[in-house]
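The structure appears below as structure tokens.
In what follows, chains are A, B, ... by sequence order, proteins preceding strands, each numbered from 1.
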Amino acid sequence: MFEAEQHAINQRLSAFCAEKGLPNPDLNWTWIPFNGHWGICTSFFQLAAREAREGKAAGPVPSRAAELAQMAAEAVGLPDGFERVEAVKGYLNLYFSTANYASRLIDSVLDEKQEFGRGKAKGERVMIEFSQPNTHKAFHVGHLRSAILGDALCRLLDFAGYDVVRANYPGDIGLHVIKWLWNYMNFHAGERPETNITEWMGKIYAEANRRLEENPELEAEVRALYSRWDQRDPEVVALWTETRQWSLDGFDEMYRQLDIRFDRYYFNSMAEQPGKEVVAELIEKGLATDDRPNNGTVFVDLDARLGLKEKYRVLVVLRSDGTALYATEDLALAKLKFSDYPDLARSYYVVDVRQSLHFQQVFKTLELAGYPWAKHCQHVPYELVNLPGNVVMASREGTVVLLEHLIAEAVSRALEVVEQKNPDLTAEQKLAVARAVGIGAIKYPMLARENAKIVTFDWKTALDFDGQAAPYIQYAYVRGGSILRKAGGEIPAAFTPTHTLQREEVALVDAISRFPSEVQRAAGDLRPLAMATQAYDLARAFNDFYTGCPVLSAEPEVRAFRLRLVAAARQAIGNALALLGITAPEAM
RNA sequence: GCCCCAGUAGCUCAAUCGGACAGAGCAGGUGCCUUCUAAGCACAAGGCUGAUGAUUCGAGUUCAUCCUGGGGCACCA
């Protein structure tokens with residue numbers, strides 16, 4: 001936003017260096033790290049170190065850097081738009097002329113509204129595949145991370161300027177589905193789920209596993225059913241089609257509550273046959289070894305082919321009995337995506353970290369098979385959601401927290417708080433607030449964490465609405481709205497303030513001004529964490545402002561400026577929340 | 001055995017691709033609601049960033065070697 005000013009300063013500094021016979025400096029401007037001071041800074045250590053290395057040492061590096069910074073400060077003078085320039089310990093700090101810059105910033109926020117921070121269209125299409133739930137199973141908190149993370153990535157990349165295709169890839173076939181069908185046919189024929197569909201589906205599945213563990217001889221029946229499926233026995237296919245839809249309906253309900261949507265569904269079952277064709281192609285190209293005559297598998301020995309040892313290892317692409325595995329299907333899926341969208345610049349897979357090797361193998365195999373788009377495929381790994389004590393959530397062990405239960409509990413807990421805080425709202429409004437707060441509280445901890453770090457789920461912190469959490473950010477948004485409402489809803493016209501801004505005002509303006517570049521950084525690094533932190537920083541700056549700077553009771557000019565600042569801050573917070581997929585409520 | 005990831009306050013996490021005094025929240029301590037919603041704010045306390053070396057003007061961040069924990073390594077997904 002201040003590129004023009006920065007450019008002018010860069011030119012002056014280049015001229016200064018040329019005059020002094022110094023190499024052209026590599027100015028790496030960053031924000032001044034001191035709270036309540038708004039401006040940009042750079043350092044001269046690298047320049048001083050370079051001098052020293054070239055034998056032109058003029059004293060120790062730190063003192064030389066300080067000297068250079070001092071000289072640079074004098075050379076720069078006081079450029080337009082800045083109110084102070086200083087050289088401190090080798091750093092050159094330029095403080096914005098706050099009143100001037102602040103009003104420019106606020107003007108553009110209020111002008112762009114929900115588009116504030118949006119990057120220029122990059123003209124690149126990317127696909128993000130996420131969520132990948134298994135039908136005929138429960139949907140638990142462990143499955144939530146891919147859904148929430150993937151959704152946030154879609155929102156971020158879209159806002160950063162990419163054309164995003166949101167893809168889902170449900171696991172709708174496999175041994176787990178057959179077990180489920182077997183249990184249903186034998187013990188639950190004719191039943192259908194009423195409410196809490198996925199929970200009910202999960203119960204049938206868990207029961208199937210229990211029965212098979214207690215009576216292992218029944219496995220034969222399951223195997224028989226699997227071959228009926230393989231023969232596409234109409235009765236089995238019909239039942240599969242119907243029951244699969246139950247799960248998908250359940251997922252839809254869950255996605256609706258979480259405000260997550262998809263543009264494109266790929267199904268495991270769709271990739272089964274095409275996968276076998278890819279394998280045939282690999283064999284034909286001499287890439288895959290067909291060891292089925294010796295009762296073996298079809299596999300690709302990646303390491304042998306690449307002359308490596310214990311890196312890519314061996315990828316089995318077809319079972320010895322000729323049936324498909326996950327890898328078989330993934331080969332076809334990748335191909336399918338690029339035939340649906342030939343212009344994909346990137347195909348992301350938001351899948352947990354345990355499958356890192358698997359994806360490396362699949363992508364490398366496709367690359368060796370000569371598909372040029374293979375190197376545009378990228379696994380976005382994330383760590384699991386565990387229970388306290390590092391207990392893994394596993395539907396078979398029963399150590400799961402069901403998503404239905406978590407949502408219901410979070411919303412009802414939030415409802416209790418709203419009843420108490422804001423009893424005047426209508427029942428409908430209270431429920432809307434409780435939903436926003438409850439869901440937000442669930443999403444935030446999944447996003448405000450490095451992708452590669454394990455999330456430990458426990459009820460106490462999941463339902464804690466205080467401190468560094470979504471409700472804190474939502475609350476700042478609500479407080480802003482409340483001020484604007486009491487002021488009559490009209491935002492004063494643009495003007496440049498003449499009063500000296502308070503520390504809290506400067507800090508808030510500073511936080512807002514960083515939003516656009518944070519969007520790019522978070523999207524570029526595929527890290528919603530950066531945006532979650534940004535949202536929190538904005539809310540904290542706003543809350544500080546709120547307690548330190550009265551708005552409605554201030555002098556007319558101050559009041560007008562602050563009303564504009566509140567509106568801009570609220571907009572920025574709202575935009576940040578939107579990128580996290582968290583609803584910004586009107587009241588709380 | 002090989003490979004990947006994590007290790008920061010009692011607990012949960014940050015730290016703007018190597019920069020200024022390592023920052024928040026929770027828990028516990030002390031204050032602040034006649035003033036825009038206290039789901040908030042302020043103050044105090046809490047640290048040898050797993051260990052030892054190396055590179056650098058400068059290291060939580062890079063490199064080496066270890067330690068601890070988690071995960072992955074041919075017919076599960």
Side-chain angles (χ1 to χ4, degrees), chain A residues 28 30-34 41 43 45-46 48-49 52 60-65 88-91 93 132 134 171 174-176 268 291 296-301 309-321 323 325-327 329-330 351-358 360-361 381 383-384 386 390 392 414 417-418 420-422 437 445 448-450 452-456 458 460-461 464-469 471-472 474-476 478-480 482-487 514 517-518 521 525 529-530 532-534 536-537 540 543-544 546-554 562 566 587-588:
Chain A
N28 197 358
T30 55
W31 301 105
I32 291 177
F34 307 121
C41 65
S43 74
F45 295 103
Q46 286 179 3
V61 170
S63 60
R64 178 59 177 161
V88 183
K89 292 191 277 190
Y91 291 88
N93 297 332
Q132 307 105 343
N134 282 327
L175 190 57
H176 76 277
N268 219 247
D291 202 26
T297 63
V298 180
F299 62 91
V300 180
D301 192 339
K309 269 167 53 180
E310 301 195 272
K311 176 154 172 72
Y312 289 101
R313 299 171 192 264
V314 171
L315 178 65
V316 174
V317 291
L318 206 62
R319 287 199 186 89
S320 50
D321 64 1
T323 58
L325 314 98
Y326 193 44
E329 288 149 1
D330 260 343
V351 180
D352 79 74
V353 68
R354 292 181 301 189
Q355 293 178 39
S356 293
L357 177 61
H358 166 79
Q360 281 186 48
Q361 293 175 325
E383 261 293 359
L384 301 181
N386 285 350
N390 221 4
V392 178
V417 182
V418 191
Q420 181 196 331
K421 302 275 180 192
N422 216 334
V437 170
R449 198 146 273 119
E450 209 66 70
K453 286 199 177 169
I454 296 171
V455 169
T456 302
D458 74 284
K460 204 172 101 227
T461 48
D464 187 357
F465 297 155
D466 293 328
Q468 194 164 5
Y472 177 92
Q474 293 169 314
Y475 187 58
V478 165
R479 281 175 136 184
S482 185
I483 293 177
L484 297 176
R485 204 162 37 248
K486 296 223 162 151
R514 297 182 188 208
S517 54
E518 285 301 302
R521 194 164 68 92
D525 297 346
L529 162 66
T533 305
Q534 165 73 7
Y536 179 72
D537 287 347
R540 196 169 42 155
N543 278 330
D544 278 345
Y546 185 94
T547 36
C549 305
V551 176
L552 298 177
S553 61
R562 286 183 180 167
V566 168
M588 275 174 81

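Every residue meeting the salt bridge (Lys or Arg N to Asp or Glu O under 4.0 Å) condition with A/D537, not counting sequence neighbours, appears here in chain and number order: A/R540. A search for ring pair (Phe, Tyr, Trp, His ring centres under 6.0 Å) contacts involving A/F299 returns nothing, not counting sequence neighbours. When the side chain to side chain donor-acceptor pair (under 3.5 Å) test is applied to A/S517, no partner is found at least two apart in sequence or on another chain. In this structure A/F45 satisfies the ring pair (Phe, Tyr, Trp, His ring centres under 6.0 Å) test together with A/Y91, sequence neighbours excluded. Shown here are the ring pair (Phe, Tyr, Trp, His ring centres under 6.0 Å) partners of A/H358, two or more places apart in sequence or in another chain: A/Y326. A/Y472 meets the ring pair (Phe, Tyr, Trp, His ring centres under 6.0 Å) test with A/Y536; sequence neighbours excluded. The salt bridge (Lys or Arg N to Asp or Glu O under 4.0 Å) test applied to A/D352 returns A/R354, not counting sequence neighbours. For A/V551, the side chain to side chain contact (heavy atoms under 4.5 Å, CB included) partners are A/I483, A/F545, A/R562, A/L563, A/V566, not counting sequence neighbours.
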All N/O contacts under 3.5 Å from nucleotides 11-16 of chain B to the protein, with atom names and distances to one decimal?
{"unit_1": "B/U12", "atom_1": "O2'", "unit_2": "A/R449", "atom_2": "NH2", "d": "3.0"}
{"unit_1": "B/C13", "atom_1": "OP1", "unit_2": "A/I454", "atom_2": "O", "d": "3.1"}
{"unit_1": "B/C13", "atom_1": "O5'", "unit_2": "A/R449", "atom_2": "NE", "d": "3.4"}
{"unit_1": "B/A14", "atom_1": "OP1", "unit_2": "A/E450", "atom_2": "N", "d": "2.6"}
{"unit_1": "B/A14", "atom_1": "OP2", "unit_2": "A/K453", "atom_2": "NZ", "d": "2.6"}

Protein-nucleotides 58-68 of chain B N/O pairs closer than 3.5 Å?
none

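Here the separation of B/U34 from B/G28, taken at their C1' atoms, is 32 Å to the nearest Å.
A/F45 comes within 4.0 angstrom of a nucleotide base, judged by non-hydrogen atoms across all strands. Residue contacts shown for A/D352 are absent, as no nucleic acid heavy atom lies under 4.0 Å away. As judged by a 4.0 angstrom heavy-atom cut-off over every strand, A/S356 is placed among residues making no nucleic acid contact. Among the protein residues, A/P60 comes within range of no part of the nucleic acid, since none of its heavy atoms lies under 4.0 Å from any strand. Using a 4.0 Å heavy-atom cutoff across all strands shown, A/V478 reaches at least one base atom of the nucleic acid. A/A49 comes within 4.0 angstrom of a base, heavy atoms only. Within the 4.0 angstrom heavy-atom criterion, only backbone atoms of the sugar-phosphate kind lie near A/D544; the bases stay farther away. Looking at heavy-atom distances under 4.0 Å, A/V437 makes contact with a base.
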Writing each nucleotide of RNA chain B 5' to 3' as (, ), [, ], | or . by Watson-Crick or G-U pairing under 3.5 Å yields (((((((..((((.....[...))))..((((.......))))......(((((..]....))))))))))))....

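Of the side-chain N and O atoms in A/Y546, one or more sit less than 4.0 angstrom from OP1 or OP2 of B/A38. A close approach under 4.0 Å does not occur between any side-chain nitrogen or oxygen of A/R540 and OP1 or OP2 of B/G25.
Looking at which nucleotide of RNA chain B each of A/S482 and A/K89 is closest to, the 5′-most match is held by A/K89.
A/D458 and A/T461 share a side-chain donor-acceptor pair at under 3.5 Å.
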Expected string for nucleotides 72-77 of chain B under the B/S/- scheme (protein heavy atoms, under 4.0 Å, primed atoms plus P, OP1, OP2 as sugar-phosphate) is BBBBSB

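In this structure, B/C21 is classed as anti because its glycosidic torsion departs from zero by more than 90°.
Closest contact between the side chain of A/D525 and the listed nucleotides B/A20, B/C17, B/G40 involves B/C17. Listed candidates were B/A20, B/C36, B/C26. Nearest to the side chain of A/D466 is B/C26.
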